[in-house]
Amino acid sequence: MIQLNTNYTLASSLLTQKIDEDTLLLDTQTQCFYELNSSAIILFEIMQKHTNLQDVYDEMFHAFEVPKKQLLHDMEIFISNLQEQNMISL
Amino acid sequence: MQIYNTHINFQSSKDNLDDFILIQTQNISPDKNYYCLRFSNNQEREIALFSTKKFALDATAAHFIFEIQDVVSFSWDLKDACISYTLHKYGTQKLLKYWLSHTVFPIYLILKKKYYVFHVGAVMYKNTPLVFMAPSFGGKSTLTDYFLQKGHKLITDDKLITYKKDGNFFALPSYPFHRPYREKESLGQSAQNFETKVQKLQTMYLLKKVDPVQNVFIREVKGIEKFKHLKYGSEMDFEFLFEYNTQYLWKLCKIIKIYELCVPWDLNALKDVYEKIIQHQNSLKMETE
């Protein structure tokens, strides 16, 4: 369970690129590519603007009116994926 | 640069490679201060690239040596329009020409970080380059050869050197040889009908083998699939140039179209494949007019 009042830092080695309807996330450190789905794209873009998970949550909630539980769940999964690939430090 | 009495016109690039020269010299050999990158599975030769600087994206002013063991060594500085060579005990003029054209000169251009090389076949159709991408033994040379037999000009049978300029991408003509057969360390047969001008890249065809009884089919490839195919079609995709190469491909993805061409795996189907490509190109031209 993530604690919203947590600061985070995204790896500086990350780049994103939109190609037609798809978005690629590239880690220049590991030279690995990842495909972001539509929710992940939005979440990642918002995370790039902030450094605290509460701010990310607030912006997502106000912009998309997603049920709180669903939003928290989606954020957890996404952050967990980023952590597995060493793309984020909390 | 003059090879085989054919000038390669580089006037549209930023380099003045019209003055490029090849010099024979003696005793090109890396000492222990060189960094080394070994290549695997290269026509049963021991091959390595040496550099006086660590292989890195921002490495400049390095001196390079490319060695095909017991055959020939080449050396160059990136700032010079010159490559020196030394023949070793098994070196011949034929092998010199092969390794220079097929491998060393493309590497020289890649290391300048102004050019990007694809492993493809390419021919001309009505002022448009048609580029055929496929893994090894995927039919590129066979299809390229068929087009040559139909009177189309050859751009390349193996390596397409590209560069970006003013928001567009261009292809340089390669060496005027093609290989409708497989032979080690051979450039193949001389191509009489050879394109010598730089061409603007617009489309690429990705060859996909299908069952001989299936029909020829073309569909546009988009998104991440497009990027993946360009990446796998790349030649000499050096790890230390990863970020630069990725950015190049990302920009290329925005400009050119890629089509998957399903090729029934039967030589008798080549005529159908050819006609389908021509039909497709004609319909694309009508769309843009």
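If you're wondering where the values come from, they're calculated on a predicted model, not measured in any experiment. By convention in this document, chain letters (A, B, ...) are assigned in the order of the sequence lines, proteins followed by strands, and residues within each chain are numbered from 1.
- Between E220(B) and K257(B) there is a salt bridge, since at least one side-chain N of the basic residue sits less than 4.0 Å from a carboxylate O of the acidic one.
- In terms of heavy atoms, F33(A) sits closest to F242(B) at CZ-CZ, 3.6 Å.
- Contact annotation for E239(B): both backbone and side-chain heavy atoms come within less than 4.5 Å of a heavy atom of chain A.
- Between chain B and the options D20(A), L15(A), T23(A), heavy-atom pairs under 4.5 Å are most frequent for D20(A).
- When each of E21(A), E35(A), K18(A) is scored by its heavy-atom pairs under 4.5 Å with chain B, the top score falls to E35(A).
- A parallel orientation is assigned to the rings of F105(B) and Y108(B), their planes being inclined by less than 30° (bins at 30° and 60°).
- Relative to the six-membered ring of F170(B), K165(B) misses at least one condition, a distance below 6.0 Å or an angle of at most 45° to the axis.
- Checked against the 6.0 Å centroid criterion, the rings of F50(B) and H63(B) do not qualify as a close aromatic pair.
- Residue contact with chain A, scored on non-hydrogen atoms closer than 4.5 Å, involves the side chain of K231(B) exclusively.
- In this structure, the portions of K222(B) lying under 4.5 Å from any heavy atom of chain A include both its backbone and its side chain.
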